[in-house]
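Every chain is numbered from 1 and lettered A, B, ... according to where its sequence line falls, protein lines coming before strand lines.
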Protein chains: 2
Amino acid sequence: MITQTNQRIIIIEPSTIVFAGLQSIIERMHIAESIYHVTELDTITQKLAQLRADIIIVNTAVFGFHKNLSIKSIFKDCTHASIIAFVSQYSDSQFLKQFDDIIDIYDDAQTISAKIRHIIEQDTIDITETDTTELSEREQEVLIAVVKGLINKEIASTLNISIHTVMSHRKNITRKTGIKSISGLTVYALFNNLIKQEDVQ
Amino acid sequence: MITQTNQRIIIIEPSTIVFAGLQSIIERMHIAESIYHVTELDTITQKLAQLRADIIIVNTAVFGFHKNLSIKSIFKDCTHASIIAFVSQYSDSQFLKQFDDIIDIYDDAQTISAKIRHIIEQDTIDITETDTTELSEREQEVLIAVVKGLINKEIASTLNISIHTVMSHRKNITRKTGIKSISGLTVYALFNNLIKQEDVQ
DNA sequence: TGTTGACTCACTATAACTAGTGATGAGGCT
DNA sequence: AGCCTCATCACTAGTTATAGTGAGTCAACA
């Protein structure tokens with residue numbers, strides 16, 4: 001699989017915290033050459049072209065309540081950049097249609113990564129298959145239950161299947177991931193955002 | 001100046017992005033031993049005491065519109081934790097007075113760092129009882145081995161004790177922490193910095 | 001149409017863990 | 001001296017998990 005690791009990204013976001021969060025998530029993707037922070041729209045419009053960004057993520061809040069704006073014209077100098085809306089509060093759905101994609105403040109890291117990857121892949125010709133999920137849906141369900149601390153019998157009853165099936169799934173999970181221990185599976189599940197820390201135990 | 005580098009911090013914040021931002025800013029301060037993410041209030045209240053946090057940062061949005069809540073009573077099990085409000089939208093100022101400090105979503109990194117440092121310094125003055133670790137040294141060793149994925153027999157041989165002793169320790173660990181599942185112990189060990197993620201499995 | 005993968009279930013035998021009780025010696029604290 | 005914790009070990013009985021093999025149904029796909 002060919003990955004692009006030289007993306008130039010601009011984030012237009014008033015809040016330092018939110019910027020830091022997006023930055024941190026994007027950095028973990030190892031696709032960005034640079035991440036540029038802009039807090040206001042006005043100060044940047046002329047310089048945008050200069051920065052030659054590949055991706056611009058813009059908090060729709062910076063547009064204020066003037067929702068009749070044309071995104072195309074605002075970013076007219078960035079012809080080859082993909083513009084992603086970042087929505088942290090209600091935004092008009094017609095307005096949002098102008099963007100290449102939308103990231104919601106409540107999206108999880110996996111979703112955000114997927115959206116950005118998708119944008120990059122659209123721009124890149126050589127898309128080879130993206131990581132298909134290693135585990136089947138049912139296997140993920142079983143894994144989540146295991147990590148929640150349920151024993152096989154309990155998993156069987158919550159999923160309405162026989163304990164034999166549960167064991168069968170668990171054997172397949174072990175085979176596919178190569179992880180034998182519950183603690184290892186816990187880290188795997190946390191890392192892959194299959195479960196939240198507070199749901200464990 | 002004595003700096004505290006072993007703060008256990010819980011962030012109660014629905015948005016992954018905002019959490020990642022706070023995490024990233026706090027990590028740069030090098031004061032946190034662990035940063036725990038919780039997305040909802042309901043799922044965590046009973047477990048809060050167990051986690052023995054020093055600082056709890058809570059997005060006031062999780063309280064919804066019921067602003068007559070007593071913060072003291074919600075966090076009654078965390079007597080020694082400082083509670084910081086994280087405000088991302090309008091919040092009643094009377095309500096906010098209950099908190100030890102307030103972080104606003106538009107605060108810059110420097111301001112946030114200063115606020116957190118201030119909280120820590122206040123606390124370090126009135127440390128009378130050093131929060132001795134809940135688990136004995138031997139129990140910690142056993143716990144780490146468990147979380148590494150070793151089975152009791154293996155733990156026995158690496159620690160040069162009988163398998164009976166290992167089980168004895170494990171029983172005590174379960175009794176003291178109240179955590180029965182290996183996955184729960186894994187989260188506990190990660191949060192309490194007893195083990196690094198990469199050492200698991 | 002034949003293959004593959006997902007999902008389901010079963011049987012066997014062995015290994016490992018859990019829970020409860022009990023015991024001993026070392027060391028610290030009051 | 002008495003009390004407590006830690007660390008060590010043991011026995012019992014019951015529960016749960018692991019490993020290996022096998023097999024049927026169903027849907028997708030080439």
Side-chain angles (χ1 to χ4, degrees), chain A residues 1 127-189 192 194-195 200-201, chain B residues 49-50 52 127-189 192 194-195 200-201:
Chain A
M1 187 173 92
I127 332 149
T128 54
E129 246 324 281
T130 46
D131 332 336
T132 48
T133 323
E134 196 174 15
L135 300 179
S136 76
E137 205 170 317
R138 207 53 163 166
E139 284 160 356
Q140 286 186 34
E141 283 173 25
V142 171
L143 171 59
I144 289 165
V146 168
V147 173
K148 274 184 178 168
L150 277 64
I151 62 174
N152 288 351
K153 199 165 64 175
E154 294 169 332
I155 299 170
S157 80
T158 56
L159 296 183
N160 287 315
I161 52 176
S162 135
I163 190 169
H164 307 293
T165 311
V166 175
M167 289 192 286
S168 193
H169 286 310
R170 291 197 58 177
K171 278 181 284 190
N172 290 330
I173 292 167
T174 305
R175 181 177 48 77
K176 286 181 176 178
T177 62
I179 301 170
K180 294 183 75 170
S181 71
I182 293 179
S183 46
L185 290 174
T186 306
V187 171
Y188 176 91
N192 289 86
L194 294 174
I195 192 167
V200 179
Q201 149 190 199
Chain B
Q50 231 172 56
R52 297 184 305 121
I127 285 177
T128 42
E129 34 117 29
T130 42
D131 220 15
T132 49
T133 324
E134 194 175 18
L135 300 179
S136 75
E137 205 169 319
R138 207 52 162 168
E139 285 159 355
Q140 285 185 37
E141 283 173 27
V142 171
L143 171 59
I144 290 165
V146 168
V147 173
K148 274 184 179 168
L150 277 65
I151 62 174
N152 289 351
K153 199 165 67 177
E154 294 169 332
I155 299 170
S157 81
T158 55
L159 296 182
N160 287 312
I161 52 177
S162 139
I163 190 170
H164 307 293
T165 310
V166 175
M167 289 192 285
S168 193
H169 287 310
R170 290 197 59 177
K171 276 183 285 190
N172 290 330
I173 293 167
T174 304
R175 181 178 48 78
K176 287 181 176 178
T177 62
I179 301 169
K180 293 182 78 169
S181 71
I182 294 180
S183 46
L185 291 173
T186 306
V187 172
Y188 177 92
N192 288 286
L194 295 173
I195 192 167
V200 180
Q201 143 191 206

Please compare E139(A) and L150(B) by the position of their nearest nucleotide in DNA chain C and report the one closer to 5'.
E139(A)
Check: S136(A) main-chain N/O paired with E139(A) side-chain donor or acceptor under 3.5 Å:
yes
Check every strand shown and say whether K171(B) touches a base, only sugar-phosphate, or nothing at a heavy-atom separation below 4.0 Å.
base
Rounded to whole Å, please give me the gap between NZ in K153(A) and P in dA17(D).
9 Å
Within the structure provided, determine whether T174(B) and I179(B) are in side-chain contact (heavy-atom separation under 4.5 Å).
no
Residue K176(A), side-chain atoms from C-beta onward, closest of dC6(D), dA10(D), dA6(C)
dA6(C)
Given atom CD of Q140(B) and atom P of dC6(D), what is their separation to the nearest angstrom?
11 Å
Are any side-chain N or O atoms of S181(B) and backbone N or O atoms of G149(A), one a donor and one an acceptor, separated by less than 3.5 Å?
no
Nucleotide dA7(D), atom P - distance to CG of L159(B) in whole Å:
11 Å
Atom CD1 of I173(B) and atom C1' of dT5(D): how far apart are they, to the nearest Å?
15 Å
For the side chain of E137(A), counting heavy atoms from C-beta on, which of dT8(D), dC7(C), dA10(C) is nearest?
dC7(C)
Of dT18(D), dT8(C), dT18(C), the nucleotide closest to the side chain of M167(B) is dT18(C)
Taking atom P of dT21(C) as reference, at what distance in whole Å does atom CZ of R175(B) sit?
13 Å
Among dC9(D), dA17(D), dG20(D), which nucleotide sits nearest the side chain of I151(A)?
dA17(D)
Separation of H169(A) atom NE2 from dG5(C) atom C1', in whole Å?
12 Å
From C-beta outward on I161(A), which listed nucleotide comes closest to its side chain: dA7(D), dT8(C), dC17(C)?
dT8(C)
Given dA17(D), dC9(D), dT8(C), the nucleotide with the shortest approach to the side chain of S168(B):
dC9(D)
Does S136(B) make a side-chain N or O approach to OP1 or OP2 of dA7(D) shorter than 4.0 Å?
yes
Rounded to whole angstrom units, what separation is found between the CD1 atom of I182(B) and the P atom of dA16(C)?
13 Å
Check this for me: K153(A), atom NZ, are more than 12 non-hydrogen atoms of other residues, nucleotides or ligands nearer than 6.0 Å?
no
Can a donor-acceptor pair be found, under 3.5 Å and without considering hydrogens, that links the side chain of T186(A) to the backbone of I182(A)?
yes
Does a side-chain N or O of T174(B) approach OP1 or OP2 of dT18(C) to a distance below 4.0 Å, or not?
no
In whole angstroms, the gap separating C1' of dC17(C) from CG of L185(B) amounts to 13 Å
Which nucleotide in the set dC7(C), dA10(D), dA10(C) lies at the smallest distance from any side-chain heavy atom of S162(A)?
dA10(C)
Does the side chain of S157(A) pick up a donor-acceptor pair with the side chain of E154(A) at under 3.5 Å?
no
So, does N152(A) get its side chain near the phosphate of dA17(D), meaning an N or O under 4.0 Å from OP1 or OP2?
yes
K180(B), nearest nucleotide to its side chain (from dA19(C), dC9(D), dT8(C)):
dA19(C)
Answer with base, sugar-phosphate or nothing: what part of the nucleic acid does T165(A) contact at a heavy-atom distance below 4.0 Å?
base
Can you find a side chain N or O atom of H164(B) that sits less than 4.0 Å from OP1 or OP2 on dC11(D)?
no
